[in-house]
There are 2 protein chains.
Amino acid sequence: MSQLHTADTRDPWQAPPVDDGDAERFCSTCVFGRVCMPQGFSKDALNRLHCLIEHVGPFQAGQTIFRINDPFSAVFSVRAGLVKTFVIDDKGREQVLGFYTPGELIGLDAVYPSRYPCNAVALDTTLLCRFSFGAMANLAQELPGLQQTLFQLMSKDISAALWGKGDYSAEEKFAGFLLDWGRRLARRGFSARNFNLPMARTDIASFLSLAPETVSRVIRKLSDDGVARFDRREVELLKPEALRKLASAIPNLGLD
Amino acid sequence: MSQLHTADTRDPWQAPPVDDGDAERFCSTCVFGRVCMPQGFSKDALNRLHCLIEHVGPFQAGQTIFRINDPFSAVFSVRAGLVKTFVIDDKGREQVLGFYTPGELIGLDAVYPSRYPCNAVALDTTLLCRFSFGAMANLAQELPGLQQTLFQLMSKDISAALWGKGDYSAEEKFAGFLLDWGRRLARRGFSARNFNLPMARTDIASFLSLAPETVSRVIRKLSDDGVARFDRREVELLKPEALRKLASAIPNLGLD
DNA sequence: GTTCCGGATTGATTGAAGTCAAGTAGGCGC
DNA sequence: GCGCCTACTTGACTTCAATCAATCCGGAAC
């Protein structure tokens with residue numbers, strides 16, 4: 001593939017590393033923020049750390065970041081955009097495992113089998129930071145803080161994976177999803193009341209193990225009840241308390 | 001509480017550390033086996049490692065090992081017996097999160113919040129190894145192999161937590177559960193065809209997000225179809241292939 | 001503007017599993 | 001042995017969400 005394509009269609013993996021001076025803007029909300037940003041680590045360590053981080057992208061909506069069974073070598077932090085991970089079951093139906101918004105980390109579940117256990121695709125124009133896991137682990141050998149960060153991130157992912165286990169009504173699941181999404185955006189300084197649900201209804205439905213029609217009906221019901229206002233993919237939570245009450249059936253498993 | 005009770009009712013936490021020379025028997029199947037057993041580590045490291053491992057128990061069936069929100073300091077490896085972890089939702093209903101059979105590790109999901117995110121109780125007379133996580137992490141700082149083991153175990157737990165996510169029929173879920181349980185027993189050298197399901201039907205039901213009645217009916221159906229034979233809690237898989245076909249709907253997410 | 005298309009919504013019907021209620025069977029203490 | 005208690009099973013009925021089928025709507029291309 002030629003390098004002379006437009007920026008939008010070139011192979012995202014071939015994009016040159018960029019230093020666009022946006023560390024403040026992006027890295028401050030990244031889960032690795034405290035690792036990458038110059039505080040607490042020696043200049044030497046930081047230099048080595050920066051050598052093992054690579055900016056990749058942009059990926060356009062629909063482009064694959066990794067495929068199930070690809071050999072594992074790196075985890076990815078979302079800098080901008082949106083990523084979903086999913087598997088395909090034996091009947092060809094897609095099961096969405098997670099959505100990743102800027103600041104969140106993808107791929108820690110691939111460490112053990114040394115292969116990615118799922119597929120990851122961009123749902124929107126997406127920029128990523130690629131962290132070589134082997135190099136990270138080596139560095140963690142010398143930096144207790146980094147080791148601890150990795151342990152914590154992985155531990156958190158266990159709890160996150162357990163989220164929603166149990167049989168809950170469609171309304172409870174969706175309420176929990178809305179609140180969770182708002183909370184994650186709020187971490188980056190956005191409103192937790194007024195936000196965008198940038199993924200397709202079908203993907204939300206798959207993630208919650210519901211039919212798209214059911215999601216539609218739940219949205220209708222929440223609108224009718226005045227609990228939230230939906231306009232296309234925009235959401236405004238009018239009665240967060242009502243949502244919290246609905247979602248309270250779902251245990252939180254140590255997620256903040 | 002007096003130390004003069006019978007062995008069976010004394011506080012399990014007060015049991016003195018034992019060196020019953022059973023390392024070969026128990027530790028060889030433990031997930032930490034290669035860590036605890038003298039291979040690849042210096043004598044010094046091993047001594048320090050053994051200092052941070054404590055044998056606890058026996059816990060009798062029904063006894064609590066830790067409670068949700070207890071401050072986290074250690075992970076536990078099951079030496080003998082059976083443990084279940086669970087949370088209680090806001091309506092007082094129990095959601096079982098996992099069962100742990102000898103050789104398996106409990107508590108890695110507690111690292112991040114530094115509190116246990118669930119309860120753990122013994123379902124049978126249970127012996128545990130208690131590993132101080134802080135001490136482990138310190139040691140991992142010097143032993144790359146130990147650090148890698150911890151990363152792998154945590155990564156595996158992420159995939160394990162994701163198991164069964166998706167909407168599957170009661171029969172598919174139960175078939176997957178049977179095969180998974182057999183596989184885990186097989187790791188310890190037991191038969192994967194002929195084994196015991198030592199937990200209550202209610203607990204299996206909760207784990208699979210089914211009603212106990214539904215589990216009963218699925219068992220009945222599998223019996224009628226000649227797929228497996230059930231006698232009380234004993235199981236014999238007569239047509240493992242049929243089970244595998246049923247369970248094939250559930251993606252395996254990198255579990256062996 | 002008009003057309004086309006895919007995602008989203010709505011309605012009608014079905015079906016799998018939950019609930020409720022009753023009955024059975026082991027295991028244990030006496 | 002007997003009774004009791006708990007776990008499990010079975011049957012009848014209900015319900016929530018899936019499925020099937022028909023629109024609807026908004027955005028992109030022309």
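Naming convention: chains lettered A, B, ... in sequence-line order (proteins, then strands); numbering from 1 in each chain.
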Notebook entry, point to check: Counting just side-chain N and O atoms, does Thr202(A) come under 4.0 Å of either OP1 or OP2 of dA8(C)?
Noted result: yes
Next item on the list: Look at the side-chain N and O atoms of Arg201(B) and state whether any lies under 4.0 Å from the OP1 or OP2 oxygen of dG26(C).
Entry: no
Notebook entry, point to check: Which part of the nucleic acid does Ser223(A) contact within heavy-atom distance under 4.0 Å: base, sugar-phosphate only, or nothing?
Noted result: nothing
Notebook entry, point to check: How is Arg220(B) classified with respect to the nucleic acid when contacts are heavy atoms under 4.0 Å: base, sugar-phosphate, or nothing?
Noted result: sugar-phosphate
Check: Considering residues, nucleotides and ligands other than Phe230(B), do more than 12 of their heavy atoms fall under 6.0 Å from its CZ?
Finding: yes
Item checked: Arg193(A) side chain near Pro240(A) side chain, heavy-atom distance below 4.5 Å -> yes
Please state how far atom [atom1] in [X] lies from atom [atom2] in [N], giving the value in whole angstrom units.
X: Met199(B); N: dC8(D); atom1: CE; atom2: P; value: 11 Å
X: Lys91(B); N: dG18(C); atom1: NZ; atom2: P; value: 16 Å
X: Glu172(A); N: dA17(D); atom1: CD; atom2: P; value: 9 Å
X: Leu208(A); N: dA17(D); atom1: CG; atom2: P; value: 12 Å
X: Arg233(A); N: dG7(C); atom1: CZ; atom2: P; value: 9 Å

Which one, [options], comes nearest to the side chain of [X]?
X: Arg232(A); options: dG26(D), dG11(C), dC8(D); result: dG26(D)
X: Glu213(B); options: dA17(D), dT10(D), dA8(C); result: dT10(D)
X: Arg217(B); options: dA17(D), dC8(D), dT19(C); result: dT19(C)
X: Ala211(A); options: dT19(C), dA17(C), dA18(D); result: dA18(D)

Check: Could you give the distance from CG (Leu222(B)) to CG (Leu246(B)), rounded to the nearest 0.5 Å?
Finding: 7.0 Å
Item checked: Aromatic plane relationship, Phe66(A) with Tyr116(A) - under 30° parallel, 30 to 60° tilted, over 60° perpendicular -> parallel
Check: Toward the 5' end of DNA chain D, which comes first, Ile219(B) or Glu171(A), by nearest nucleotide?
Finding: Ile219(B)
Check: Pick the nucleotide of DNA chain C nearest each of Thr214(B) and Ala200(A); which residue has the one closer to the 5' end?
Finding: Ala200(A)
Next item on the list: Decide yes or no on salt bridge (Lys or Arg N to Asp or Glu O under 4.0 Å) for Asp180(A) and Arg183(A), but give the supporting numbers first.
Entry: CA-CA 5 Å; Asp180(A) 181 58; Arg183(A) 189 168 45 68; 2.3 Å; yes
